[in-house]
Number of protein chains: 2
Amino acid sequence: MRLSDSIESFIKQMIGAAEDTEEEGIELRRNELAEYFHCAPSQINYVLSTRFTPEHGYMIESRRGGGGCIRIVHVETSPTDHLDYLIREKVGTSLTEPEARLLLRQLTVSNAISATDATLIAAALSPQSLAVPIPEELKNALRAKIMRTMLLTVVRRIQSERRGPTAMIIRERKV
Amino acid sequence: MRLSDSIESFIKQMIGAAEDTEEEGIELRRNELAEYFHCAPSQINYVLSTRFTPEHGYMIESRRGGGGCIRIVHVETSPTDHLDYLIREKVGTSLTEPEARLLLRQLTVSNAISATDATLIAAALSPQSLAVPIPEELKNALRAKIMRTMLLTVVRRIQSERRGPTAMIIRERKV
DNA sequence: ACTTCTAAGGTCAAAGTAGGTCAAAGAATT
DNA sequence: AATTCTTTGACCTACTTTGACCTTAGAAGT
């Protein structure tokens, strides 16, 4: 079995275990994990960037420096869900601006997302936002990625609101 | 947990407690605090300069010499003024991801934008969103443009909410 | 008043810690 | 054989912690 697959399933186990608790997602130390698997730390990045992408429903944030860490959150959309369908089938890997607008309209009228969220996403995908000298194809790829990541964020928020309005984790206080 | 975070939340607790009384802000002794946390005194300065800046809504004065001390005051600025200021002065034409996150944090703690908006914007600017093969400089230019467009969208929404059917909320200014 | 002492706080650079990127080499698939 | 996927390592960026050295305010001694 490939190393990457082992690391992938290890991380998925961690996430599975964390889902039973109240915690949202998991935190891991890149160097620890690399040492555990006797591999280069950058191998962890490879696994993350190939198997824990927004396309797979994962959101990642990380911090460098002392006490740094990598946080992974899995956002699950039920496969029967209309929103899930739109995200998977319509976003794809490339989105023109008109396509993006149409999709946002559909999402809004079907009440999948709020008009407010739609407006913000539209702003991020607008020509103004993407006014840098790169080929249009790359912009369309960008639109798809940004759209996907933002929709995932919205879904995550909506789900956590549904679970419990008081799920606000700020920071642990150790003094 | 990082030492700096502990110190930060300790200070914020002090400020929170002081806000219940009539006192304006708090006073602390640098050396005392450093001893309490078993760290170098300059660590306190580090925390102050990274987490209690004017951008975060804090004003700091200090006195040296015998009986010297550090005074920290949390100032409530008008959210829209602060937002305007940060858009004009801090966004610029290029934003690294850490810079963007810092800016969003500042906007959030000073109540210029909601945590929800901040999260959505952060999603748009995340490495995952911008995972296309273009040089980092272009990504930074993109971040700045996306940030500006989205913040302006937020401002416009806030302003139209104020004009709209919802009663005007006049906030008292404590300065 | 003037100088000196001492008790604060301030600055800055270096070391320490931790994650990110990229390209080249190696392995597996087609 | 060609292509694609995996693994590794050299180098980069970001955040934290510490310590040496500097500045200032007030107190004490003259």
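Letters A, B, ... are given to chains in the order of the sequence lines, protein chains preceding strands, and every chain is numbered from 1. Quick note: numbers below take in every heavy atom, side chains included, and nothing from hydrogens, waters or symmetry partners.
- One donor-acceptor pair, N or O on each side, does fall under 3.5 Å between the base of dT13(D) and the side chain of R64(A).
- Annotation: of the two residues near DNA chain D, E99(B) and P41(B), the 5′-most nearest-nucleotide partner is E99(B).
- One atom, CD of E61(A), and another, P of dC15(D), lie 14 Å apart when rounded to the nearest Å.
- The distance from atom CD1 of I44(B) to atom P of dG19(D) is 14 Å, rounded to the nearest whole Å.
- The phosphate of dT17(C) has neither OP1 nor OP2 within less than 4.0 Å of any side-chain N or O from R30(A).
- Of the side-chain N and O atoms in N45(B), none sit less than 4.0 angstrom from OP1 or OP2 of dG9(C).
- Along DNA chain C, the nucleotide nearest to C69(B) and the one nearest to K139(B) differ in position, and the one closer to the 5' end is contacted by C69(B).
- If you measure from atom CZ of R71(B) to atom P of dG9(C), you get 14 Å, rounded to the nearest angstrom.
- L3(B) comes within contact range of the sugar-phosphate backbone alone, with a heavy-atom separation under 4.0 Å but no base atom that close.
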Give each protein N/O atom lying under 3.5 Å from an N/O atom of nucleotides 27-30 of chain D, with the pair distance.
none

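- With 3.5 Å as the limit, one finds a donor-acceptor pair spanning the side chains of Y85(B) and E55(B).
- Per the geometry, NE2 belonging to H38(A) stands 18 Å off C1' belonging to dG9(D), to the nearest Å.
- The shortest distance between the side-chain N/O atoms of R51(A) and the OP1/OP2 oxygens of dT6(D) is below 4.0 Å.
- Across all strands, S42(A) comes closer than 4.0 Å to base atoms (heavy-atom distances).
- By the 30° and 60° cut-offs, the orientation of the rings of Y36(B) relative to F10(B) is tilted.
- The CD atom of E8(B) sits 14 Å away from the P atom of dC15(D) (whole-angstrom rounding).
- Relative to the ring axis of F52(A), K12(A) places its NZ or CZ within 45° and under 6.0 Å from the centre.
- Counted by atom type alone, D117(A) and S114(A) present one or more donor-acceptor pairs between their side chains at under 3.5 Å.
- In this model, the phosphate group of dG9(C) is not approached by any side-chain N or O of R63(B) to a distance below 4.0 Å at OP1 or OP2.
- Judged purely by atom type and a 3.5 angstrom limit, Q128(A) has no side-chain atom pairing as donor or acceptor with the backbone of A123(A).
- Proximity of R2(A) to the phosphate of dT29(C): a side-chain N or O atom is located under 4.0 Å from OP1 or OP2.
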For R156(A) and E24(A), run salt bridge (charged side-chain N to carboxylate O under 4.0 Å, His left out): C-alpha distance rounded to whole Å, both residues' side-chain angles, the deciding distance at 0.1 Å, then the answer. CA-CA 10 Å; R156(A) 177 185 172 196; E24(A) 215 197 6; 3.1 Å; yes
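- I70(A) comes within contact range of the sugar-phosphate backbone alone, with a heavy-atom separation under 4.0 Å but no base atom that close.
- As a whole-Å value, the separation of L95(B) CG from dA14(D) C1' is 16 Å.
- Side-chain nitrogen and oxygen atoms of S62(B) include at least one within less than 4.0 Å of the OP1 or OP2 phosphate oxygen of dG10(C).
- Just one residue in the list T119(A), I113(A), V109(A) forms a side-chain contact (heavy atoms from CB on, under 4.5 Å) with L104(A), and that residue is I113(A).
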Could you go step by step and tell me if E136(A) and R143(A) meet the salt bridge (charged side-chain N to carboxylate O under 4.0 Å, His left out) rule? CA-CA 10 Å; E136(A) 198 59 27; R143(A) 279 197 193 90; 3.8 Å; yes
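- If you measure from atom CE of M1(A) to atom P of dA28(C), you get 14 Å, rounded to the nearest angstrom.
- Between N31(B) and dG9(C), a side-chain N or O to OP1/OP2 separation shorter than 4.0 Å is present.
- Between S4(A) and Q43(A), the side chains place a donor N or O and an acceptor N or O closer than 3.5 Å (distance only, hydrogens not considered).
- Atom CG of L48(A) and atom P of dT6(D) are 13 Å apart (whole Å).
- Remark: Y46(B) is in phosphate contact with dT16(D), judged by side-chain N or O atoms under 4.0 Å from OP1 or OP2.
- Nucleic acid contact class of G65(A) (heavy atoms, under 4.0 Å, all strands): base.
- Both I134(B) and R29(A) lie close to DNA chain C; mapped to their nearest nucleotides by heavy-atom distance, the more 5′-ward contact belongs to R29(A).
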